[in-house]
Amino acid sequence: QVQLVESGGGLVQAGGSLRLSCAASGRTFSSYAMGWFRQAPGKEREFVAAISGSGGSTYYADSVKGRFTISRDNAKNTVYLQMNRLKPEDTAVYYCAAGGYSGTSPYVYKYDYWGQGTQVTVSS
């Protein structure tokens, strides 16, 4: 069992930055690929970024490529999402997720554990 707790969300102006963190419980954090997803009101949950267990591979949605960076610190059982040049369309609840598979994946079904989410609001 893995428990995930996100933090770092908030209100920011367009063009600004935020860094989300996701702290995981358990001693096998490095065996899990980690992903960030987001869900805006009235929309389906969508993939944002993923990172492999070792941190050696990353994968991004086209909508955030070049603006967001996913990273992880396995010694701290934490995954991060650095978000730069934020846009109003980035407004959503952001969720981190852990998946017991190799590599990276944009698919919701590959992830076994989910956090409770943190709100990110970007004002224009």
Side-chain angles (χ1 to χ4, degrees):
Q1 189 78 6
V2 176
Q3 292 184 326
L4 303 172
V5 179
E6 301 98 334
S7 61
L11 174 64
V12 64
Q13 287 189 331
S17 298
L18 281 175
R19 188 175 83 153
L20 305 183
S21 299
C22 174
S25 65
R27 291 174 286 181
T28 59
F29 179 68
S30 62
S31 67
Y32 288 91
M34 299 297 296
W36 285 97
F37 291 76
R38 65 187 182 187
Q39 188 164 19
K43 294 189 176 181
E44 292 187 354
R45 190 167 298 191
E46 67 171 355
F47 170 75
V48 175
I51 188 166
S52 61
S54 67
S57 295
T58 57
Y59 182 55
Y60 296 92
D62 287 343
S63 59
V64 307
K65 202 173 295 183
R67 299 188 298 123
F68 291 10
T69 302
I70 188 171
S71 62
R72 66 189 297 160
D73 184 337
N74 286 343
K76 295 183 178 179
N77 280 16
T78 301
V79 63
Y80 305 96
L81 185 68
Q82 177 66 43
M83 305 185 295
N84 298 329
R85 304 201 316 269
L86 282 160
K87 304 175 182 180
E89 52 263 45
D90 294 318
T91 295
V93 177
Y94 282 70
Y95 299 89
C96 74
Y101 67 89
S102 178
T104 59
S105 175
Y107 301 112
V108 169
Y109 76 89
K110 296 285 279 187
Y111 294 85
D112 307 299
Y113 304 100
W114 293 81
Q116 82 290 348
T118 186
Q119 176 70 47
V120 171
T121 303
V122 184
S123 63
S124 56

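Quantities reported herein were computed from a predicted structural model and do not represent experimental measurements. Values below: all heavy atoms of this structure, side chains included; hydrogens, waters and symmetry mates excluded. Just so you know, residue 1 is the first one in the sequence shown, and it goes up from there.
Applying the ring pair (Phe, Tyr, Trp, His ring centres under 6.0 Å) test to residues at least two apart or on different chains, the pairs with a partner in residues 53-83 are Phe47-Tyr59. Counting only residues at least two apart or on different chains, no salt bridge (charged side-chain N to carboxylate O under 4.0 Å, His left out) pair has a member in residues 3-23. The stretch residues 83-124 participates, sequence neighbours left out, in these disulfide (SG to SG under 2.5 Å) pairs: Cys22-Cys96.
Checking side-chain atoms of Thr91 against main-chain N and O of Val122 turns up a donor-acceptor pair under 3.5 Å. Not one N or O on the side chain of Asn74 forms a donor-acceptor pair closer than 3.5 Å with the backbone of Ser54. Under a 3.5 Å cut-off, the side chain of Ser57 and the backbone N or O of Ser52 do not form any donor-acceptor pair.
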Show me the donor-acceptor pairs within less than 3.5 Å that the side chains of residues 103-111 make with the rest of the protein, sequence neighbours left out.
| from | atom 1 | to | atom 2 | distance (Å) |
| --- | --- | --- | --- | --- |
| Ser105 | OG | Tyr107 | N | 3.2 |
| Tyr111 | OH | Tyr101 | OH | 2.7 |
| Tyr111 | OH | Ser105 | O | 2.6 |

Report task. For the pair Leu81 and Arg38, evaluate side chain to side chain contact (heavy atoms under 4.5 Å, CB included) and give the outcome as yes or no after the intermediate values. Result -> CA-CA 12 Å; Leu81 185 68; Arg38 65 187 182 187; over 6 Å; no

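Nearest heavy atom pair, residue Leu18 against residue Gly8, reads CD2-O, 3.8 Å. The shortest heavy-atom contact between Leu86 and Met83 is CD2-CB, 3.8 Å. Taking all atoms of both residues into account, the shortest heavy-atom contact from Trp36 to Leu20 is CH2-CB, 3.7 Å. Annotation for Leu4 and Tyr113: closest pair CD1-O, 3.5 Å, computed over non-hydrogen atoms. Between Ser17 and Arg85, the shortest heavy-atom contact is OG-N, 4.3 Å. Closest approach of Tyr94 and Val48 over heavy atoms only: CE2-CG2, 4.3 Å.
Taking the side chain as every heavy atom from C-beta outward, Lys76 and Ser21 never approach each other to under 4.5 Å.
Ion pairing between Lys65 and Asp62 holds under the 4.0 Å rule for side-chain N and carboxylate O.
Criterion: ILVMFWY side-chain heavy atoms under 4.5 Å apart, direct or through other members. Under it, Ile70 and Tyr32 are part of a common hydrophobic cluster. Hydrophobic clustering of Ile, Leu, Val, Met, Phe, Trp and Tyr side chains at less than 4.5 Å, counting indirect connections, keeps Val64 apart from Phe37.
Taking CG of Asn77 as the start and CD of Gln3 as the end, the distance is 12.5 Å to the nearest 0.5 Å. For the atom pair CD of Glu44 and CD of Glu46, the computed distance is 10.0 Å after rounding to the nearest 0.5 Å. Between Gln1 atom CD and Thr28 atom OG1 the span is 11.0 Å, to the nearest 0.5 Å. Once rounded to the nearest 0.5 Å, the distance linking CD of Glu89 with OG of Ser124 reads 10.0 Å.
Arg45 pairs by the salt bridge (Lys or Arg N to Asp or Glu O under 4.0 Å) definition with nothing, not counting sequence neighbours.
Taking a 4.5 Å side-chain heavy-atom cut-off between Ile, Leu, Val, Met, Phe, Trp and Tyr, the cluster of Leu11 contains only that residue.
The number of heavy atoms from other shown groups lying within 6.0 Å of CD (Gln119) is above 12.
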